[in-house]
Amino acid sequence: VVGHYFDAAGMQFLAGRPPDPDQAGAVVINETMAQKYFGGHVPDQLVLIDGTTRPIAGVVRDVRVRSLGTTPGLEAYEVGGDTAWSGSQPLATYVLRVTAGTSGLAAWERAVRSADPLALVLDSGTIGDRLGRSIRDRTFASLVVGLFALAAIVVTTLGLAGIVAYTVVKRTREIAIRLALGATGPGVTRLIVGDTLLAGALGVVAGIVASVWLSKSLTSLLYGVPPADPSTLVLTGVSLLAIVLGAAVLPAIRAAHVEPATALRIE
């Protein structure tokens, strides 16, 4: 790397500071290397395989160079190091931090050529563009899964409403007797809603246990969120209980207005 590469890329230092451009030969290592080889205690020198040493200027957080799906490896950045070569052509990556008013790839390419007039720009774009390309497939897969989940919620809501309504019909005689013995309409409503929420809570607990077990298959679609994220599980559980409550309210209100004599004659 050259110049203030770390500042331009927005890479966070855990120890030390970004080296000055005139500190040729100094290296900055990533946290994976620091943990693996030095146990978090970073020495002043990095000994290379050929026996030469490089002064360590600092430790930077891990970055995913190619895509979010790749695991950070061992990285060491040498200040003023040799240019990487591919075949007979040298390769270099320029990272520029621009002001908010600067826009357009042409302006960035001119900035690159101002540093190297003979440079051939093979690929240019913002870090946001690179990130978008990296997660495109993952985003599409997550969208498909989300649409199926939304459809499942709609079907579940309709199914719950139907099941609760059918259960209330089957309990018509019980409800009529309760009303005949002095039960109030609000009391019957609370009874139906309470029984439904109890069954729904048991189902939510069972579903959360099953989701924790099955969520490992979704690891490849997630970034920065564990498969069994507690906040997600809690939010999902509360949402499902809200759906159960909504499905139970209307049948419960209808049950509270049952005429005992009419219901018993029908039975």
Side-chain angles (χ1 to χ4, degrees), residues 67-69 71 131-132 134-267:
S67 70
L68 294 178
T71 302
L131 179 62
S134 173
I135 64 175
R136 183 181 302 151
D137 294 340
R138 188 177 304 189
T139 302
F140 177 74
S142 300
L143 176 62
V144 172
V145 172
L147 291 176
F148 276 108
L150 180 61
I153 290 176
V154 174
V155 173
T156 299
T157 303
L158 296 176
L160 283 172
I163 291 174
V164 174
Y166 176 75
T167 303
V168 170
V169 171
K170 296 293 290 184
R171 297 177 64 180
T172 300
R173 181 180 179 84
E174 172 197 346
I175 294 171
I177 292 175
R178 288 178 181 272
L179 291 172
L181 294 178
T184 62
V188 172
T189 301
R190 287 193 297 270
L191 173 67
I192 300 299
V193 172
D195 290 348
T196 305
L197 285 178
L198 177 60
L202 294 176
V204 167
V205 171
I208 289 177
V209 173
S211 68
V212 171
W213 180 59
L214 295 172
S215 60
K216 295 179 180 179
S217 61
L218 298 176
T219 303
S220 61
L221 300 177
L222 303 175
Y223 173 73
V225 179
D229 180 48
S231 59
T232 301
L233 294 177
V234 171
L235 180 61
T236 302
V238 172
S239 300
L240 290 174
L241 287 178
I243 291 173
V244 171
L245 177 62
V249 168
L250 185 58
I253 293 176
R254 289 178 177 175
H257 292 84
V258 170
E259 291 290 340
T262 302
L264 291 175
R265 281 200 302 271
I266 295 175
E267 290 290 331

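Positions are given from 1 along the sequence. These values consider heavy atoms only, across backbone and side chains, with no hydrogens, waters or symmetry-generated copies. Predicted, not measured: the structure shown is a model, and the values here were computed from it.
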Kindly compute the distance separating [atom1] ([X]) from [atom2] ([Y]), expressed to the nearest 0.5 Å.
X	Y	atom1	atom2	value
Leu158	Ile153	CG	CD1	12.0 Å
Ile192	Leu250	CD1	CG	12.5 Å
Leu191	Thr196	CG	OG1	9.0 Å

Quick one: closest heavy-atom pair of Leu233 and Ser211, and the distance? CD2-OG, 3.6 Å

On a heavy-atom basis, which atom in Leu240 and which in Val204 lie closest, and how many Å separate them? CB-CG2, 3.9 Å

